[in-house]
Amino acid sequence: MELAKNISHKVQRQAFSILIDRFLANLDKTENRTATYLKLVDQAEKFWGKDGARKESLDKVRAAFKDPDNRWVKFLNKVIDETDPHVAKMMMLNLGYEAFFRGTKMIRANREKYGCNIPWLILFDPTSACNMHCAGCWSGTYGPKHNLSFEDMDKIVTQGKELGVYLYMMTGGEPLVRKKDILKLAEKHNDVEFSIYTNSTLIDEDFCKEVVRLGNLTFQLSIEGTPETNDARRGLGHYDAVMNAMDLLKKYGIVYGTSICYTRNNIEAVTDPKFIEFIAEKGARFGFFFHYMPVGNNAVPELMPTVEQRKKMVDQIRFLRSVKCDLGFFPMDFQNDGEAVGGCIAGGRNYFHINSSGDAEPCVFVHFSNTNIHTHSILEMLQSPLFMEYHKGQPFNKNHLRPCPMLENPALLRDMVERSEAHGTNEESEESVEHLCAKCDDYAKEWAPVADDIWAGQKHYKKAYENYAKKDEKPLNIVAFKHKPRQHHFKHKRA
């Protein structure tokens, strides 16, 4: 049975590979390109079958591909035209076929089979080491204390693929401190897509050549607006390093985007259309916007955006994605785009995080755990007590402008950590769940009525597939979690 599945997988991957080769060979012919887009949609519909996307949704995609003036089709064509052909092929094969088509189908089946969250992507930290010390960042203070071995990272990807996960993101610390092992991992697992959050300072010509050879790595570069707003938080000279990295990635045809933490001090600068136009001209084609989270004992809560600023942020990101804006850049707001993904995506619902010590955390911003890659499998991590609390509790708020159990619903995170008896994982300085959530209480109260007012004024549509726990659902083959915390960890109690 397993052999038959493997053969079927190879045949399907080869079929998509041939289709992509034909597509890339005829990029100068618009009619061939449109026809291939439509064939890819047809293949997706056949592959997903009756449990896939709604026919009306697929028909809208087909109509977009037939429209030469559609903003996002023009955007897609631009990305393909400027990307190295091998990089483009590997992205279409790994992110398109493996992750979106085959992986999605496997993940949905495994969610039913195991009765727990199965993510679409896994985020992990190759190292805690970082060559920068940005204001308010917890990871830059850890130092080079902890690293995932190559074997640890290989285990994460190998076991993740068995569940249907074909997208892996890396953060840190600075992931490229482990450049050699990352390239080795990308070569071994050349059927998955790796995406790296980086401060840009370690990207050079030789590295770019290796990335093109492998074809399955993309990047999110950290930048925060103008040279002044960026370097004020990240340090003198960082802005210039990002500019150099952007030029190199564009030169080699490597797909990249930006990772932008918006704070009270930089939010206007990083959402200014002139700034977006500038980074798009530099070659950035997408960007993740992250609300500043007051995580860790060295956090700076004063950097959290005001309620009024966040309200403007909601409007600005939607404007940048609208037909009124023609910039070649696709922005995503981690905190305000909750409706697109059904609320909180953490706890394995769509993603989870493994830190450089191997601890499985429900979210990169939630430093609590019951389990570790050195003692448990990926599936056991997803069935651990804290992750099951997430699974049972999602969505944490019916208003998806208030998705997070920490930032907007801090009482819920307190309860989940207490019930699961999760231990703290902050490597620099232990922070209790009470201390963390107390920094969010007033913010949550202030944002709630504003978010509810915005939500009430919008139209909302129920998704065909949401991935929430079913009533009385019990995980299959759940293990007993008597995980002993490392010596410096302690159990948190409510104050």
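Keep in mind that this is a model prediction, so the values were computed, not measured.
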Stepwise side chain to side chain contact (heavy atoms under 4.5 Å, CB included) check, Tyr390 with Ile345: CA-CA 10 Å; Tyr390 266 72; Ile345 64 172; over 6 Å; no
Asn370 side, atom CG; Met388 side, atom CE - distance, nearest 0.5 Å: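 One finds 12.0 Å between CG of Asn370 and CE of Met388.
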Quick one: pull up CG in Asn190 and CG in Leu217 and give me the separation to the nearest 0.5 Å.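 If we round to the nearest 0.5 Å, Asn190:CG and Leu217:CG are 9.0 Å apart.
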Picking from Phe100, Tyr166, Tyr168, what satisfies ring-ring contact (aromatic ring centres under 6.0 Å, His included) with Trp120? Phe100
Between Phe334 and Phe290, does a ring pair (Phe, Tyr, Trp, His ring centres under 6.0 Å) hold up when you go through it step by step? CA-CA 5 Å; Phe334 194 75; Phe290 295 92; 5.1 Å; yes
Checking [X] side chain against [Y] main chain: does a donor-acceptor pair fall under 3.5 Å?
X	Y	result
Gln335	Phe289	no
Arg111	Arg349	yes
Asn110	Met106	yes
Thr104	Phe101	no

Nearest heavy atoms of Thr127 and Ser356, plus distance in Å: C-CB, 3.6 Å
Short N-O contact, [X] and [Y], less than 4.0 angstrom:
X	Y	result
Asp441	Arg414	yes
Asp84	Lys89	no
Asp191	Arg13	no
Lys161	Glu98	no
Glu187	Lys184	no
Asp337	Arg321	yes

Show your reasoning for whether ring pair (Phe, Tyr, Trp, His ring centres under 6.0 Å) applies to His353 and Phe124. CA-CA 5 Å; His353 177 239; Phe124 63 90; 9.1 Å; no
Run Met170 and Arg178 through side chain to side chain contact (heavy atoms under 4.5 Å, CB included) and show every step you take. CA-CA 11 Å; Met170 300 181 205; Arg178 298 285 303 285; over 6 Å; no
With side chain to side chain contact (heavy atoms under 4.5 Å, CB included) as the test, would you mind laying out the steps for Leu202 and Phe207 before giving the verdict? CA-CA 9 Å; Leu202 301 178; Phe207 179 65; over 6 Å; no
Before giving the answer on side chain to side chain contact (heavy atoms under 4.5 Å, CB included), spell out for His423 and Ser369 the whole-Å C-alpha distance, their side-chain angles and the decisive distance to 0.1 Å. CA-CA 6 Å; His423 61 75; Ser369 179; 4.3 Å; yes
